[in-house]
Undergrad: 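What follows is a structure written as structure tokens; I'll ask about it next.
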2 protein chains.
Amino acid sequence: METKTHEIQYVSRCTGLSPHRIRAWERRYMAVMPARTTSRRRIFSDLDIQRLQLLRRAVESGHRIAKVARLSLEDLVELADPQRLAVSPRPSRASGLDAIDEEDYVRLGFHAITGFDTRLLERTLQQSLVHFSRRRVIEGIIVPLLGKVGDAWVTGTLRIAHEHMASAVIQTFLGGLLRDAENREAGDTAIIATPSGQRHDLGALAVALTASDAGWQPLYLGSNLPAEEIAAAAVYNCARAVAISLVGTTNGEQLRRECLNLRRLLSADLSLYAGGQAPPELRFALSEMGLHWCETLETFHVALVGEIPMRPEQET
Amino acid sequence: METKTHEIQYVSRCTGLSPHRIRAWERRYMAVMPARTTSRRRIFSDLDIQRLQLLRRAVESGHRIAKVARLSLEDLVELADPQRLAVSPRPSRASGLDAIDEEDYVRLGFHAITGFDTRLLERTLQQSLVHFSRRRVIEGIIVPLLGKVGDAWVTGTLRIAHEHMASAVIQTFLGGLLRDAENREAGDTAIIATPSGQRHDLGALAVALTASDAGWQPLYLGSNLPAEEIAAAAVYNCARAVAISLVGTTNGEQLRRECLNLRRLLSADLSLYAGGQAPPELRFALSEMGLHWCETLETFHVALVGEIPMRPEQET
DNA sequence: TTGACATTGTCAAATGTTTGTATAGCATTT
DNA sequence: AAATGCTATACAAACATTTGACAATGTCAA
């Protein structure tokens, strides 16, 4: 059923590895051990393909093939996710936080917010970094936490003041992460901003961090920036991608025009990504005009990783 | 057991240190002592990576590698931990920045902004903290720097994008300072915010930091907050002062009403400060209605110190 | 201030290892 | 017959390691 069989040519195509390389990895490191036909031709399974893709990513992020070739699929997945900061320096010191999974952190953070306890909120976020990778903190803790605050605001459990206080703390937290991320010499530059009329800093920061995780060098320009400004910054910095974060439920028309304008101002070989929460018609319109719409940070991450032009290894 | 092993290439990527530098740190200072393969290649553990990350942060904040290289992990965490930054020794700097007085820092920061060099801007700000107190950094470097950027924007030398990028970086920087400041158990709580219609985060952050320096416990609520929200937060947190930052040149009437409203909602024994850039008639009107107008951060600081935070039993 | 000295990041050369790719000869598939 | 795949060997590029050196900078004493 799911285990279709493939020839080496096809596998090469969809992993981006040359047939030579695949054979070498098998021969030298037993990275995969495909079945054979009676005439000793290799027969790869879907799992083999997945494995090779993961291996490629591991190698590209600096691991040596000899060391990772024999790892299990799960280990490779973990490796592919930049799971930095996996080790906690002090297991159970005075922090007094005993959260273990993401939900605990969300709960704890929410509790801190309801009590206007900025310190607790900060410590909670900081602590979560010890347990989880940046991406998981963002997607598994911060996003849900903000959602929860939003809900509570709708139902009247929390006030706007709570939400603002939380935003301020989280913004600093994300900004700090971004600062750390910028220190690695990374690949091409991606501009991240929010177009005119959009004040959504937090989302854009999360986008910037995602870009960094995907191996790009993010340049975060903040929110509410006219299209010409974004374009000018992209040109000046020789950016290879621009990502904008949208939350616009209001004023869709102006937003659409702004995006269109931006797309026009940017040279064609520059990818333009957009994401956030927008009504379907706007998304559709944006796709029409040459923006890549990303439903989630995850899709954005995948798209960016796929775009890495470091080695134009294969073309169709 | 699950301590994974890594090659120098990978370590270099996720610490941001060049392989050269890592080797030099090992050879000269025994900063790490990784295991070796049979062919003498280095094998790093997760702990090594963490150690190197901490060392990099220590070095970037001005410590000398020779002095910190042999410190234990815990000491390094402490060094990097903002909570303890208060007792940081006055380290000497060796990061290629040759600024000596405030003006140099302003110039350097401005140069970083013109080149969209977020990293340089961050390093400049961070470095300035080593030389000057927080108050002097804020009043002597950040405020002039923002002014310079504003001027350059007026004359067309800089774009809005420059200004936004600078704001984003500075906001994170100030937010980080504020977070550090909050960790000191201090006196009474002061609420800091910006009223409805005001988006001026940076000014409010500077106000929050000033309050902290004056011995108060600032609670920063961000910008654009309705009067009722500010008042509610003040009540909930038993605040003894509220400070709002204004930049309104536009919509003075609405601003006036908002302030008046806020003053009414707060109990009379709660001081209400306002500061920023406002036209004289607004200032006058505000003074009339019981707000203390602070011309500068300096006056605000003096006023707060004079309010005897801890003991409210003595009256004038 | 100047000059001697220490610190520290970087580089180059020589050597060895790892890894990707090329070539050749033969077999199988289409 | 042409295309593709297999094995095996060979080779080259990339990468690591060590050693020695250099330049930029900071420090300290005169």
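All values reported here derive from a predicted model rather than from experimental measurement.
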Undergrad: Atom CG of L17(B) and atom P of dG9(C): how far apart are they, to the nearest Å?
TA: 9 Å
Undergrad: Starting at the 5' end of DNA chain D and moving along, which residue's nearest nucleotide shows up first, R28(B) or E26(A)?
TA: E26(A)
Undergrad: Please state how far atom CZ in R56(B) lies from atom C1' in dG9(C), giving the value in whole angstrom units.
TA: 15 Å
Undergrad: Could you check whether the rings of Y236(A) and H162(B) sit parallel, tilted or perpendicular, using 30° and 60° as the cut-offs?
TA: perpendicular
Undergrad: Using the salt bridge (Lys or Arg N to Asp or Glu O under 4.0 Å) criterion, which residues pair with R159(B)? Sequence neighbours excluded.
TA: E229(A)
Undergrad: Check each residue of residues 29-43 of chain A for a non-hydrogen atom within less than 4.0 Å of any atom in DNA chain C, then write out the ones that pass by number, or none.
TA: Y29(A), S39(A), R41(A)
Undergrad: Between dC11(C) atom P and R21(B) atom CZ, what is the distance in whole Å?
TA: 12 Å
Undergrad: Tell me: CZ of R70(B) to P of dT7(C), nearest whole Å?
TA: 13 Å
Undergrad: Quick one: which of dG9(C), dA16(D), dG5(D) gets closest to the side chain of Q9(B)?
TA: dA16(D)
Undergrad: Report the relative orientation of the aromatic rings in F300(A) and Y273(A); use parallel for angles under 30°, tilted for 30 to 60°, perpendicular for over 60°.
TA: perpendicular
Undergrad: In whole Å, I'd like the distance from the NE2 atom of H20(A) to the C1' atom of dA13(D).
TA: 16 Å
Undergrad: Of S18(B) and K67(A), whose closest DNA chain C nucleotide lies nearer the 5' terminus?
TA: S18(B)
Undergrad: Please report the distance, rounded to the nearest Å, between CD1 in I8(B) and P in dT17(D).
TA: 5 Å
Undergrad: Going by atom types alone, do H6(B) and D48(B) pair a side-chain donor with an acceptor below 3.5 Å?
TA: no
Undergrad: Please pick, from dT27(D), dT18(C), dT21(C), the nucleotide with the shortest atom-to-atom distance to any side-chain atom of R64(A).
TA: dT18(C)
Undergrad: For Y10(B) and H63(A), what are the C-alpha separation, side-chain angles and deciding distance, and is it a ring-ring contact (aromatic ring centres under 6.0 Å, His included)?
TA: CA-CA 6 Å; Y10(B) 179 73; H63(A) 293 278; 3.9 Å; yes
Undergrad: Nearest whole Å is fine: how far is dT18(C) P from W25(A) CH2?
TA: 17 Å
Undergrad: Do you know the tightest heavy-atom contact between L219(A) and T118(B)?
TA: CD1-CG2, 3.5 Å
Undergrad: When we call it a touch if two heavy atoms are under 4.0 Å apart, what does A24(A) touch: a base, just sugar-phosphate, or nothing?
TA: base
Undergrad: Give the rounded distance in Å between these two atoms: CZ of R23(A) and C1' of dG20(C).
TA: 13 Å
Undergrad: May I have all residue pairs that pass salt bridge (charged side-chain N to carboxylate O under 4.0 Å, His left out) and include part of residues 27-37 of chain B, sequence neighbours excluded?
TA: E26(B)-R36(B)
